[in-house]
Amino acid sequence: MEMDNVEIVRRGYRAFEEGGVEAILEFLDPGIEWHMSAVFTHTPRVFLGHDGVREVFRFFEELIEDLGADPHEFIDAGDRVIVPVRMHGRLRDGGEPVAYELVQVWLGRDGKAIRLVTYPDREAAIADATAASVI
């Protein structure tokens with residue numbers, strides 16, 4: 001990410017809040033790898049490209065209304081940005097509130113995010129991001 005990594009990720013979250021999935025695509029490389037946590041898909045799954053990102057959000061929209069993402073902080077980890085985030089909304093069946101605490105690690109190149117990996121907790125995300133930046 002040519003622009004400060006943290007700033008581009010901040011802008012991506014802001015764009016999502018203001019305009020949904022289509023608004024974040026400008027911050028994502030057309031070949032992005034979006035690694036979805038097994039928490040949501042029962043097994044880890046990778047979605048590719050902008051169409052893959054749209055598929056991820058269709059998956060969530062089928063289950064959750066008013067999906068939102070509230071990042072807690074943006075941790076600069078070199079070419080990665082670690083973001084503890086609260087995803088929230090209401091279940092389509094019954095309207096009950098739902099929220100998930102997770103940690104997203106963004107990897108960027110040339111001003112765009114090229115990979116997103118979601119972790120269940122901060123320790124796993126930081127350990128993986130640290131190990132990856134050493135390699």
Side-chain angles (χ1 to χ4, degrees):
M1 297 179 190
E2 294 297 319
M3 180 185 300
D4 173 73
N5 291 341
V6 171
E7 184 58 28
I8 196 82
V9 172
R10 274 185 213 274
R11 289 182 184 189
Y13 280 98
R14 192 174 317 123
F16 174 69
E17 283 301 311
E18 294 172 0
V21 66
E22 292 301 316
I24 66 170
L25 296 180
E26 76 174 273
F27 299 95
L28 308 179
D29 185 85
I32 189 169
E33 293 177 13
W34 190 289
H35 295 251
M36 186 99 130
S37 170
V39 169
F40 300 111
T41 58
H42 303 294
T43 59
R45 189 162 169 207
V46 179
F47 295 83
L48 300 175
H50 288 177
D51 285 340
V53 173
R54 288 181 182 105
E55 186 178 345
V56 167
F57 283 94
R58 275 194 303 272
F59 167 81
F60 280 114
E61 289 172 4
E62 287 176 3
L63 303 172
I64 300 171
E65 289 182 278
D66 302 323
L67 181 65
D70 296 328
H72 301 305
E73 65 181 307
F74 298 87
I75 303 166
D76 188 346
D79 60 352
R80 289 168 174 75
V81 178
I82 302 167
V83 183
V85 63
R86 180 177 181 266
M87 303 295 293
H88 57 87
R90 289 177 297 131
L91 292 175
R92 287 206 179 272
D93 287 341
E96 292 180 40
V98 63
Y100 305 95
E101 293 289 336
L102 46 96
V103 181
Q104 297 180 321
V105 177
W106 297 88
L107 173 64
R109 183 181 317 132
D110 300 328
K112 304 275 185 177
I114 62 170
R115 180 181 299 140
L116 168 72
V117 182
T118 301
Y119 297 88
D121 60 61
R122 183 184 188 109
E123 293 75 23
I126 290 172
D128 195 47
T130 303
S133 60
V134 171
I135 297 174

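Among residues two or more places apart in sequence or in another chain, the salt bridge (Lys or Arg N to Asp or Glu O under 4.0 Å) test is passed with Glu73 by Arg122. Here Arg14 pairs with nothing under the side chain to side chain donor-acceptor pair (under 3.5 Å) rule; sequence neighbours left out. Under the rule for a salt bridge (Lys or Arg N to Asp or Glu O under 4.0 Å), Arg10 has no partner lying at least two apart in sequence or in another chain. By the side chain to side chain donor-acceptor pair (under 3.5 Å) test, Asp66 is found to be paired with Arg90, residues two or more places apart in sequence or in another chain being considered. Looking at residues two or more places apart in sequence or on another chain, you find a side-chain contact (heavy atoms from CB on, under 4.5 Å) between Asp121 and Glu123, Ala124. By the salt bridge (Lys or Arg N to Asp or Glu O under 4.0 Å) test, Glu65 is found to be paired with Arg92, residues two or more places apart in sequence or in another chain being considered.
Listed by first and then second residue, the ring-ring contact (aromatic ring centres under 6.0 Å, His included) pairs that reach into residues 63-94 are Tyr13-Phe74, sequence neighbours excluded. Sorted by first and then second residue, the salt bridge (Lys or Arg N to Asp or Glu O under 4.0 Å) pairs involving residues 23-42 (not counting sequence neighbours) are Glu33-Arg115.
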Side-chain donor-acceptor distances from residues 48-60 under 3.5 Å, at least two apart:
residue	atom	partner	partner atom	Å
His50	NE2	Leu25	O	3.4
His50	NE2	Leu28	O	2.8
Asp51	OD1	Arg54	NH1	2.8
Arg54	NE	Glu22	OE2	2.7
Arg54	NH2	Glu22	OE1	3.1
Glu55	OE2	Arg45	NH2	3.0

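Leu67 and Val98 end up in the same hydrophobic cluster when Ile, Leu, Val, Met, Phe, Trp and Tyr side chains are linked at under 4.5 Å.
In this structure, Val117 shares a hydrophobic cluster with Ile75, Ile82, Val103, Val105, Tyr119, Ile126, the cluster being traced through Ile, Leu, Val, Met, Phe, Trp and Tyr side chains under 4.5 angstrom apart.
Taken from OG1 in Thr118 to CE in Met36, the straight-line distance is 8.0 Å, to the nearest 0.5 Å.
Shown here for Phe27 and Gly12, the closest heavy-atom pair between the two residues is CD1-CA, 3.8 Å. For the residue pair Val83 and Pro71, the shortest heavy atom distance occurs at CG1-CB, 3.6 Å.
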